[in-house]
Amino acid sequence: MPKRVTKYWLMKSEPGTYSIDDLERDRTEPWDGVRNYQARNFMREMAEGDLAIFYHSSTNPPGAVGVCRVSREAYPDPTQFDKNSSYYDPKSRKDDPRWSLVDVEFAEKFAEPISLQALKEDSSLEGMLVTQKGSRLSVQPVDKKHFRRLLKVARANTKLR
DNA sequence: GCCAACGTTGGC
DNA sequence: GCCAACGTTGGC
């Protein structure tokens, strides 16, 4: 049996809701609240061990702030059945859950965030979904070459400190 | 706070 | 199946 190849992703979160520091403290977290079918489908493609860029959105500046690892593959998001949750979905049925999530665990926090602006200006990252205008997808695939490049930039920033 | 760029919903 | 109306995301 060939080993499954690690896949790479990018996951957005508003730091006011859940930040890389929160994940570093909690170590592992269910990535709940995703209510977009495309993003959900990407989470369903994830496997344990996949790596994801942790991205802070709706903040100044937005950008990549660290890395997390998928620690549990997709299962039903419990918040969809929780009437007290802002993620409650009355149309989702227990025998056919509409929304999924994965668990992610903390891997690393970058010494310096890599701003969206910097991502856009890096020609080696051309084609990354997150740099494209109007890209609102909160869970998205990342090419291996882009992932590796981004880590390289993060390391370089560490040396400059 | 504005608004462009989406995605979803529902009438027809 | 079309599309107008509405809601949301997220950069700026």
Side-chain angles (χ1 to χ4, degrees), chain A residues 7-26 29-46 50-70 73-104 106-143 145-147 149-154 156-157:
Chain A
K7 287 188 180 178
Y8 301 92
W9 311 92
L10 180 145
M11 301 172 88
K12 296 180 186 173
S13 184
E14 299 188 18
T17 304
Y18 199 79
S19 71
I20 187 75
D21 292 320
D22 293 328
L23 185 61
E24 184 169 21
R25 180 198 61 218
D26 298 340
E29 178 73 5
W31 203 262
D32 60 17
V34 171
R35 295 293 181 269
N36 170 283
Y37 290 105
Q38 228 183 326
R40 179 203 69 181
N41 292 342
F42 283 132
M43 284 201 295
R44 288 180 177 179
E45 287 180 31
M46 292 178 182
D50 281 2
L51 296 172
I53 304 294
F54 199 114
Y55 180 93
H56 280 174
S57 64
S58 295
T59 188
N60 191 18
V65 293
V67 177
C68 58
R69 185 183 303 105
V70 176
E73 67 182 25
Y75 61 99
D77 181 343
T79 63
Q80 68 195 304
F81 304 120
D82 179 0
K83 287 198 172 83
N84 297 318
S85 170
S86 55
Y87 299 129
Y88 177 63
D89 182 353
K91 291 181 184 168
S92 185
R93 293 164 26 161
K94 285 231 170 176
D95 57 357
D96 185 21
R98 180 175 294 196
W99 305 111
S100 300
L101 53 69
V102 295
D103 287 355
V104 298
F106 178 81
E108 75 171 274
K109 179 187 173 182
F110 296 153
E112 302 284 344
I114 306 170
S115 70
L116 176 60
Q117 180 67 24
L119 298 177
K120 285 178 176 172
E121 286 170 358
D122 189 336
S123 60
S124 300
L125 295 177
E126 203 174 313
M128 256 189 102
L129 281 176
V130 75
T131 63
Q132 284 161 30
K133 191 181 166 190
S135 159
R136 304 186 310 164
L137 202 54
S138 65
V139 177
Q140 52 182 258
V142 172
D143 288 351
K145 64 180 184 215
H146 290 153
F147 188 89
R149 168 68 184 173
L150 209 137
L151 285 192
K152 196 174 170 187
V153 172
N157 288 344

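Just so we're on the same page: letters track the sequence lines, and every chain starts at 1.
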So does A:Ala118 get a backbone contact from the side chain of A:Asp122, meaning a donor-acceptor N/O pair under 3.5 Å?
no
Can you measure from CZ (A:Phe106) to CZ (A:Phe54) and round to the nearest 0.5 angstrom?
9.5 Å
Taking only side-chain N and O atoms of A:Tyr55, does any of them lie within less than 4.0 angstrom of OP1 or OP2 on C:dG11?
yes
Grab the OH-P distance between A:Tyr87 and C:dT8 for me, whole Å please.
13 Å
Looking at the side chain of A:Ser138, which of C:dG10, C:dC12, B:dT9 is the nearest nucleotide?
C:dG10
A:Leu10 CG - C:dG10 P separation (whole Å):
10 Å
Whether A:Glu14 side chain and A:Thr59 backbone form a donor-acceptor pair below 3.5 Å:
no
Separation of atom CG in A:Leu137 from atom P in B:dA5, rounded to whole Å:
17 Å
Applying side chain to side chain contact (heavy atoms under 4.5 Å, CB included) between A:Met11 and each of A:Val102, A:Val70, A:Val34, report the one that passes.
A:Val102
Per A:Lys120 side chain, nearest of listed nucleotides B:dT9, C:dG11, B:dG7:
C:dG11
Would you kindly give the OH-to-P distance between A:Tyr37 and B:dT8, to the nearest whole Å?
7 Å
Roughly how many Å is it from CG in A:Leu119 to C1' in C:dG10, rounded to a whole number?
15 Å
In whole angstroms, the gap separating C1' of C:dT8 from NZ of A:Lys12 amounts to 12 Å
Distance in angstrom units between A:Glu14 CD and C:dT9 C1', rounded
8 Å
Any N or O donor-acceptor pair linking the side chain of A:Arg136 to the base of C:dT8 at under 3.5 Å?
yes
Would you compute the distance between atom CG of A:Asp32 and atom OG of A:Ser85 and round it to the nearest 0.5 angstrom?
7.0 Å
d(CG, A:Asn60; C1', B:dC2) in whole Å
16 Å
When we call it a touch if two heavy atoms are under 4.0 Å apart, what does A:Gln38 touch: a base, just sugar-phosphate, or nothing?
sugar-phosphate
Using a cut-off of less than 4.0 Å, is there contact between a side-chain N or O of A:Lys133 and OP1 or OP2 of C:dC12?
no
